[in-house]
Amino acid sequence: MGSLSLETDTVRRLRDGMAQGVLSFPLTSFHEDGSLDPDGFRAHVAAQMATAPGAVFPACGTGEFFSLDEAEYRQVVTVAVEEAGGRMPVVAGVGYGWAQAARFARIAEEAGADALLVLPHYLVAAPQDGLVAQLEQLAARTRLPLIAYQRGQVAFTAGSLKRIARIPNVIGLKDGHSDLDRLQRLTLAAPEGFLFFNGAATAEIQARAYAAVGVPAYSSAVHAFAPEIANAFFAALQGGDHGTVDKLLRDFYVPLVELRDRVPGYAVSLVKAAARLRGRPVGPVRAPLTDPSAGDLADLRTLLAAGLDLVGAAL
């Protein structure tokens, strides 16, 4: 029996949301001393919800899952579920080996999450049989639907994709490799209705290329600090307005990627810094990430103001 032989309400809601808007990956708010700031996180998530994303993914890579203990994780997922209020699916991140991932999965289930994004396991490379077994072990320990995330040391073959799609509660795949040859093979190997979305860093850069191989849905880190830009890009892409798409890519997204690539970890640190520039109560990153230098922050401010001006918004 395939994973989607009986389509669930969660799958339908995710599919509908993925077609209607970008996927939101909120930042986790910390105080200046590094402690969790639940009130700041609640305000940030509420602001994200107000811009109507397709779904919300708390405690994932952008949300610094790797820096949260289990008590903090419970607070983060609970707040996201409360703020979503059933208006959109909440997909919580889980990770590490399957035993630890199962502990986080239980917490997410108790907190009311709709599904789980299974982040790449920790440190070691693994053969295809092990990648499949990781999902099998986790699936056996949670009732929640699972979305696999291939990135870093996790990369599924078409044969393994067929195997994980037969696990009863595996419903989709997030791709962060941007290997379009491999991704096309995976989409062709998947059963009808299996969910795919573009999870590349600054996914808008490759959104058209992903759509060409059948993966139009994508996550947007920019949505965490400039939903005006993220939503304008999504609308232009959906509407075939390639002039606007090209302008936003050329004048905002490509310079953002160039700035992001200056320092390891800026894929999260710059997003948080940009959110702070707009008055969002997200606080600093936790080590081993570092906040941007003064010079990089000044460049970010200039770029952000220019990007917002492109869509008729202000810093």
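Position 1 is the first residue of the sequence; numbering continues from there.
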Hey, are the side chains of [X] and [Y] touching, using non-hydrogen atoms and a 4.5 Å cut-off?
{"X": "Val11", "Y": "Asp9", "value": "no"}
{"X": "Leu117", "Y": "Leu119", "value": "yes"}
{"X": "Val245", "Y": "Arg208", "value": "yes"}
{"X": "Leu116", "Y": "Phe104", "value": "no"}
{"X": "Gln48", "Y": "His44", "value": "yes"}
{"X": "Val94", "Y": "Gln100", "value": "no"}

May I have the step-by-step check of side chain to side chain contact (heavy atoms under 4.5 Å, CB included) for Ile107 and Tyr73, ending in yes or no?
-> CA-CA 8 Å; Ile107 294 169; Tyr73 177 84; 3.7 Å; yes
Who are the side-chain hydrogen bond (donor to acceptor under 3.5 Å, both in side chains) partners of Gln238, not counting sequence neighbours?
->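 So Gln238 forms no side-chain hydrogen bond (donor to acceptor under 3.5 Å, both in side chains) with any residue.
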Show me the donor-acceptor pairs within less than 3.5 Å that the side chains of residues 53-67 make with the rest of the protein, sequence neighbours left out.
from: Glu64; atom 1: OE1; to: Arg286; atom 2: N; distance (Å): 3.0
from: Glu64; atom 1: OE2; to: Lys272; atom 2: NZ; distance (Å): 2.7

Between [atom1] of [X] and [atom2] of [Y], what distance do you get to the nearest 0.5 Å?
{"X": "Leu315", "Y": "Leu308", "atom1": "CG", "atom2": "CG", "answer": "6.5 Å"}
{"X": "Glu228", "Y": "Asp309", "atom1": "CD", "atom2": "CG", "answer": "12.0 Å"}
{"X": "Arg13", "Y": "Thr8", "atom1": "CZ", "atom2": "OG1", "answer": "10.0 Å"}
{"X": "Gln20", "Y": "Met88", "atom1": "CD", "atom2": "CE", "answer": "10.0 Å"}
{"X": "Leu36", "Y": "Leu68", "atom1": "CG", "atom2": "CG", "answer": "7.0 Å"}
{"X": "Leu310", "Y": "Phe252", "atom1": "CG", "atom2": "CZ", "answer": "9.0 Å"}

With clusters defined by side-chain heavy atoms of hydrophobic residues (ILVMFWY) lying less than 4.5 Å apart, directly or transitively, does [Y] cluster with [X]?
{"X": "Tyr96", "Y": "Leu146", "answer": "yes"}
{"X": "Ile164", "Y": "Phe197", "answer": "yes"}
{"X": "Leu188", "Y": "Leu183", "answer": "no"}
{"X": "Leu27", "Y": "Leu270", "answer": "yes"}
{"X": "Val170", "Y": "Leu173", "answer": "yes"}

Between Lys247 and Asp251, is the closest basic N to carboxylate O distance under 4.0 Å?
->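 Salt bridge between Asp251 and Lys247, a charged N being under 4.0 Å from a carboxylate O: yes.
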Using a strict 4.0 Å threshold on nitrogen-to-oxygen distance, state whether Arg12 and Asp16 make a salt bridge.
->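 Salt bridge between Arg12 and Asp16, a charged N being under 4.0 Å from a carboxylate O: no.
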Residues in side chain to side chain contact (heavy atoms under 4.5 Å, CB included) contact with Arg143, at least two apart in sequence or another chain =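 Result, side chain to side chain contact (heavy atoms under 4.5 Å, CB included) vs Arg143: Glu109.
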Can you pull the ring pair (Phe, Tyr, Trp, His ring centres under 6.0 Å) pairs that have at least one residue in residues 119-150, sequence neighbours excluded?
->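 The answer is none; no pair qualifies.
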Report the residues that fulfil salt bridge (Lys or Arg N to Asp or Glu O under 4.0 Å) with Asp129, sequence neighbours left out, ordered by chain and then residue number.
->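 In terms of salt bridge (Lys or Arg N to Asp or Glu O under 4.0 Å), with neighbours along the sequence ignored, Asp129 is linked to Arg163.
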Do you know which of Asn198, Leu256, Leu249 makes side chain to side chain contact (heavy atoms under 4.5 Å, CB included) with Ile205?
->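 Option passing the side chain to side chain contact (heavy atoms under 4.5 Å, CB included) with Ile205: Leu249.
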Is there a donor-acceptor contact under 3.5 Å linking the side chains of [X] and [Y]?
{"X": "Thr78", "Y": "Gln75", "result": "no"}
{"X": "Tyr210", "Y": "Ser178", "result": "yes"}
{"X": "Thr142", "Y": "Arg106", "result": "no"}
{"X": "Asp296", "Y": "Ser293", "result": "yes"}

Report, as yes or no, whether the 6.0 Å neighbourhood of atom CZ on Arg87 holds more than 12 heavy atoms from other residues, nucleotides or ligands.
->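 Check passes, neighbour count above 12.
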More than 12 heavy atoms of other groups within 6.0 Å of Arg185 CZ =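 No, CZ of Arg185 has 12 or fewer neighbouring heavy atoms, counting only those of other groups under 6.0 Å.
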Where at least one partner belongs to residues 168-177, residue pairs that pass salt bridge (Lys or Arg N to Asp or Glu O under 4.0 Å), sequence neighbours excluded |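 Output for this query is empty, none listed.
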Assess whether salt bridge (charged side-chain N to carboxylate O under 4.0 Å, His left out) is satisfied between Arg262 and Asp299, documenting all intermediate values.
-> CA-CA 12 Å; Arg262 290 181 186 177; Asp299 290 344; 3.0 Å; yes
